[in-house]
Amino acid sequence: MTETLDQLRNDFLANVEAAEDLAALEELRVSALGKKGGISKQMQGLGKLPPEERKKAGQELNAVKTAVAEAIESKKLALEEAVLDARLAEEAIDVSLPIRPETEGRLHPITQTIDEAIAILGEMGFAVAEGPEIEDDFHNFTALNIPPEHPARQMHDTFYLPKKENGSRMMLRTHTSPVQIRTMLSEEPPLRIIAPGRTYRCDSDMTHTPMFHQIEGLVVDKSTHFGHLKGCLLNFMSAFFEVDDLPLRFRPSFFPFTEPSAEADIGCSREGGELKIGGSGDWMEILGCGMVHPNVLRACDIDPEEYQGFAFGLGVERMAMLKYGIPDLRTFFDGDLRWLKHYGFVPLEAPSLVRGLS
Ligand code: PHE
């Protein structure tokens, strides 16, 4: 190999090695291998050589060309990798960083209980529905088959708002059942909803607070029957209380908006004064339920000859007290942080049937 060719190769290779970025490398590639580049020029010069030298010189030149091209290619890969590495380093998020170890805040047992109920009933195909806490007469009473003169209106100990000019009065809803009406009026059956929320009754003693929470359930379909109600409640209760052996019984009852109506009890034991949910021995009243009254379906423009349904309403505080052994209802609303620290739940552990409820 001639001196100059050797020199040319070494210069190019050194420059390639020294190239700091992709732009510099590209410039080098053009100056070496481009049409007017150093090596190309040499190639053109070959023609002037005598034929016997031309072949050897051509081969040598080609070897240089290949060496430079390869060096450029591998340098290019290295530089590209470096660019990527730099970008990855710059954009990296350290997912291993711990969250603040102990969050001070706790979820209230009512929130937890509602979340658990939604997790279970959601899995069973129920969607969550909502309605306003300030209701009108139609949704809270009339459409629920509670006519103006019906004693249930007093029974409910309603908080009324001041009379409006037209003589009507809004009220704080006395139960979550008006959400049944709102859902049936706004959606076509088949329906399968639960409506958790606040309810209000003018009542305050050891076992009653003026504001409390209910979860309403409603299923409307063509062949929904009482057996479905029982199966649904059984599944729900045993999932909620995390007890396999949970007997459930119905006692005849009365609600204007269901016919027949029932109160449901679950099995429990009170041995040694300690209440345990599950097993036989004793009964604990847990909710009100029944088949949706034909008048209620009619009030919502649903034909009771074609559709039927069941509904249930349960008290959230009661469920929470039973499951988490909270003895006094009124403590729920004291806003005592020590109480919340004790009975509350860590916010990031959302209940799920797969991971566990609580
Ligand atoms: N709304 C009733 C109450 O508050 C409970 C209930 C709901 C009963 C649905 C039957 C069906 O007492």
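Note that ligands are numbered from 1 as they come in the structure, with each ligand's atoms numbered from 1 the same way. These numbers were taken from a predicted model, which means no experiment stands behind them.
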Atom CD of E242 with >12 non-hydrogen neighbours under 6.0 angstrom
yes
So the side-chain hydrogen bond (donor to acceptor under 3.5 Å, both in side chains) pairs with at least one residue in residues 267-280 (sequence neighbours excluded) are R270-D282
Is H175 in polar range of ligand 1, meaning some N or O pair under 3.5 Å apart?
yes
Run the contact test for F257 against ligand 1 with a 4.0 Å cut-off on heavy atoms, strictly below, and give the result.
yes
Using non-hydrogen atoms of the residue, decide whether R201 is closer than 4.0 angstrom to ligand 1.
yes
For S177, the ligand 1 atoms whose distance to one of its heavy atoms is below 4.0 Å:
1 (N), 7 (C)
Show the atoms of ligand 1 that are less than 4.0 angstrom away from any heavy atom in A311.
9 (C), 11 (C)
Please name all residues satisfying ring pair (Phe, Tyr, Trp, His ring centres under 6.0 Å) with H228, sequence neighbours left out, ordered by chain then number.
H225
Numbered atoms and elements of ligand 1 in range of Q214, under 4.0 angstrom, heavy atoms
3 (C), 4 (O)
CG (D328) and CG (D334) are apart, to the nearest 0.5 Å, by 8.0 Å
Should we count CD of E123 as having more than 12 external heavy atoms under 6.0 Å?
no
Exactly one of F257, Y200, F255 should register a ring pair (Phe, Tyr, Trp, His ring centres under 6.0 Å) with H175. Which one does?
F257
By number and element, which atoms of ligand 1 are closer than 4.0 Å to a non-hydrogen atom of C289?
8 (C), 10 (C), 11 (C)
